[in-house]
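Some notes on the structure that comes next.
Because only heavy atoms are used, hydrogens play no part in the values below, and waters and symmetry mates are left out as well, while side chains stay in. Throughout, a chain's letter reflects where its sequence line sits, starting with A, and its residues are numbered from 1.
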Number of protein chains: 2
Amino acid sequence: MKRAFTIVMAGGSGTRFWPLSRADRPKQLLPLAGGDEPLLTATVRRALRVSAKEDVLVVTSERLADATRAAVPSLPAENVLAEPVGRNTAPCIGWAASRVARIDPSAVCAGLPADHHIADEDEYARVLSLALETAADGDIVTVGIRPSRAETGYGYIEMGEPLGAERRDGMPTPAEAAGAGVGSPSRSGATHVHSESAYRCRRFVEKPNRQRAEQFLAAGTFLWNSGMFFFRAQTMLDAIRAHLPGLGATLDRLLAASEGEEEAILREVYPTLPDVSIDHGVMEKVRDVAVVPADFGWSDLGGFAAAWELAPRDDEQNSAPEGALLVDASGCFVRAPAGKVVALLGVRDLVVVDTEDALLVVPRERAQEVKKIVDALKKRGDEEHT
Amino acid sequence: MKRAFTIVMAGGSGTRFWPLSRADRPKQLLPLAGGDEPLLTATVRRALRVSAKEDVLVVTSERLADATRAAVPSLPAENVLAEPVGRNTAPCIGWAASRVARIDPSAVCAGLPADHHIADEDEYARVLSLALETAADGDIVTVGIRPSRAETGYGYIEMGEPLGAERRDGMPTPAEAAGAGVGSPSRSGATHVHSESAYRCRRFVEKPNRQRAEQFLAAGTFLWNSGMFFFRAQTMLDAIRAHLPGLGATLDRLLAASEGEEEAILREVYPTLPDVSIDHGVMEKVRDVAVVPADFGWSDLGGFAAAWELAPRDDEQNSAPEGALLVDASGCFVRAPAGKVVALLGVRDLVVVDTEDALLVVPRERAQEVKKIVDALKKRGDEEHT
């Protein structure tokens with residue numbers, strides 16, 4: 001296979017994990033999937049199954065550059081690219097693709113969010129390899145997650161025919177690939193479907209309402225958009241030139257510049273770049289997109305409820321630090337600084353997250369609304385706690 | 001009136017306000033009634049309406065002596081008596097009474113718990129004066145609180161005939177005195193009954209069950225035992241000699257000793273003194289006990305629910321520090337260190353008490369059970385957090 005790069009998109013500053021997450025300690029730098037490993041560190045560790053160390057690039061903001069480098073000590077420091085200002089994923093992917101193109105325009109790249117969790121890493125590595133192989137043929141490729149519920153919080157991808165133009169006997173239909181394939185037990189005990197084929201992407205669908213989500217689930221041909229992209233560097237640059245010409249022109253300047261000139265150009269142009277995602281700006285506009293259906297125990301860790309789902313829990317379904325005193329408490333997600341005694345008595349399904357300078361208490365089922373707290377803090381000008 | 005001393009019983013180490021209260025920062029040293037004034041400080045301030053500074057004694061444990069003196073800077077430092085080991089209230093009252101008897105055996109004394117809250121301090125001062133006048137005639141006197149609900153958490157006192165032997169026309173009956181007297185608006189807006197008379201105490205009753213508590217409330221002749229006692233020093237010493245002879249003998253040694261010998265005697269005998277309350281050891285056994293029915297907005301602050309009742313609250317009935325972020329939260333009692341941001345979202349009737357090293361979350365209606373947490377901490381040998 002071609003030399004495969006990985007571009008990790010690590011510029012996020014999510015607010016759904018406040019007060020654990022802060023502007024200078026965002027989600028990807030936190031060990032939210034349990035244990036001590038930050039999500040970004042795990043993402044890079046998994047990327048090393050398809051890319052060499054030198055070929056893993058992490059794109060983040062200047063503000064987060066030092067903390068990001070500290071989280072990925074296995075990578076060369078210069079592989080952490082610091083954007084002068086935080087922009088959306090299109091500039092991020094574009095800049096990193098231009099870096100790859102300087103080395104080898106035909107090299108394939110995986111563009112991965114820094115802050116997802118993967119339960120079955122072997123299956124994940126297989127999917128990445130398949131997606132990269134498919135991308136080497138010239139398509140932009142995405143990975144679609146086989147839906148396990150009628151989720152309204154994700155965008156969907158509708159699968160078309162298997163790649164290879166005409167449908168051949170013996171190839172699985174999209175529905176078979178999405179749900180009815182050969183099962184294999186995964187680490188989490190669930191039955192996963194090995195990904196063996198890539199499919200034409202018929203369309204991207206925005207987050208549906210409940211009714212449509214149920215139709216998507218029943219149809220068997222709709223997958224969750226995982227936000228992972230695979231492409232040849234040259235293919236992505238061409239797509240950006242076609243669909244985001246302003247960004248494309250900037251990338252051409254970068255490609256033409258000497259290495260010493262790159263930073264000055266970035267400082268000049270980055271603030272002017274469009275705040276657009278690679279999904280909206282490129283993927284949804286490109287004709288030849290392929291999708292690899294996958295099932296490797298994926299979570300985008302969208303909030304404390306998802307973190308609770310992933311965390312080890314006691315018999316009462318509490319996830320709490322060692323030493324917490326839980327008396328007649330169940331279903332709770334508790335975090336606190338080391339050495340602090342947290343006592344819960346007579347409470348159910350509560351999120352209690354304590355830090356040195358802030359404390360959150362919210363029912364687990366309303367934990368998504370924590371953004372309201374961050375907004376209120378910003379509104380009163382409290383930058384210290386956001 | 002005779003010279004009136006006040007003995008404040010401030011040796012308590014209550015566990016119902018954990019984690020605010022600790023072994024070395026017990027309830028009486030905390031400003032639990034709102035504002036910045038510790039309960040003990042308020043108790044001494046009120047005592048100064050019936051006693052001179054020099055005549056207010058505060059009895060506490062050696063461990064708490066320094067913190068106690070700091071809380072009552074208006075008193076001479078030597079008026080804070082430090083027990084070598086914590087004992088119950090009988091030794092505490094006995095020792096302090098012996099101190100008073102050295103000065104004037106016929107002086108009257110008020111024995112007051114350090115950790116109660118009084119809403120109507122003028123009425124309270126009137127009641128204390130009446131109780132002290134009654135005690136000057138030779139009875140031991142207690143104050144009984146007119147019950148406002150069928151409380152099962154308190155002991156009760158049954159009133160007998162008005163003092164003065166025969167009942168005279170025009171004197172209120174016990175039922176009239178306990179509930180049906182002339183009302184006067186109090187600070188809290190409730191209608192209080194002025195205390196004009198003392199009554200014979202027919203009997204002390206242990207905490208009743210629900211049914212009996214309702215009978216007591218309906219009868220109109222039962223009052224809550226406030227734990228306040230009034231007596232001539234000599235009367236109390238005689239009663240202790242009669243009903244707690246071991247303690248009586250110790251007090252006689254103290255009375256006979258020179259001032260310089262007192263400490264050595266205390267160190268020798270205190271560890272051997274009975275762990276008995278003045279209620280059980282003396283009051284319930286003495287024949288001539290009088291009771292003054294009272295209604296001055298009394299709270300014994302038995303736990304966080306009582307503190308919430310007393311605290312200023314917002315429109316949603318939350319009592320929380322300035323700067324707390326309360327989104328769709330109601331009926332909550334929140335405390336946290338200065339500068340800490342506490343955010344509650346979508347919770348009802350919750351107690352959230354945060355300190356530097358411990359955090360408690362419990363429904364308000366179960367806040368009494370916090371003792372279970374303290375017990376669990378002690379069981380695992382955690383003295384740092386108890």
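By number of non-hydrogen pairs under 4.5 angstrom with chain A, the leading residue of B:Val353, B:Asp328, B:Val351 is B:Asp328.
For the pair A:Pro363 and B:Gly346, the tightest heavy-atom approach, listed with the atom from each and the gap, is CG-O, 3.1 Å.
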May I have the step-by-step check of side-chain contact (heavy atoms from CB on, under 4.5 Å) for A:Val361 and B:Val334, ending in yes or no?
CA-CA 11 Å; A:Val361 181; B:Val334 183; over 6 Å; no

Could you walk me through whether A:Val362 and B:Leu344 pass the side-chain contact (heavy atoms from CB on, under 4.5 Å) test, one step at a time?
CA-CA 6 Å; A:Val362 60; B:Leu344 271 60; over 6 Å; no

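Remark: A:Lys340 NZ to B:Thr355 OG1 distance equals 5.5 Å, nearest 0.5 Å.
Interface residue B:Val327: only side-chain heavy atoms are found under 4.5 Å from chain A. Only the side chain of A:Asp354 comes within contact range of chain B, with heavy atoms under 4.5 Å apart. Neither the backbone nor the side chain of A:Glu384 comes within contact range of chain B; no heavy atom of the residue lies under 4.5 Å from a heavy atom of that chain.
Counting heavy atoms from C-beta outward, A:Leu325 and B:His385 have side chains that stay 4.5 Å or more apart.
A:Val341 pairs with exactly one of B:Asp357, B:Leu359, B:Asp382, B:Leu360 by the side chain to side chain contact (heavy atoms under 4.5 Å, CB included) rule, that one being B:Asp382.
Listed in order of number, the residues of residues 368-376 of chain A that approach chain B to under 4.5 Å between heavy atoms are A:Glu369, A:Val370, A:Lys372, A:Ile373, A:Ala376.
In terms of modelled atom types and a separation under 3.5 Å, the side chain of B:Arg366 and the main chain of A:Val347 share no donor-acceptor contact.
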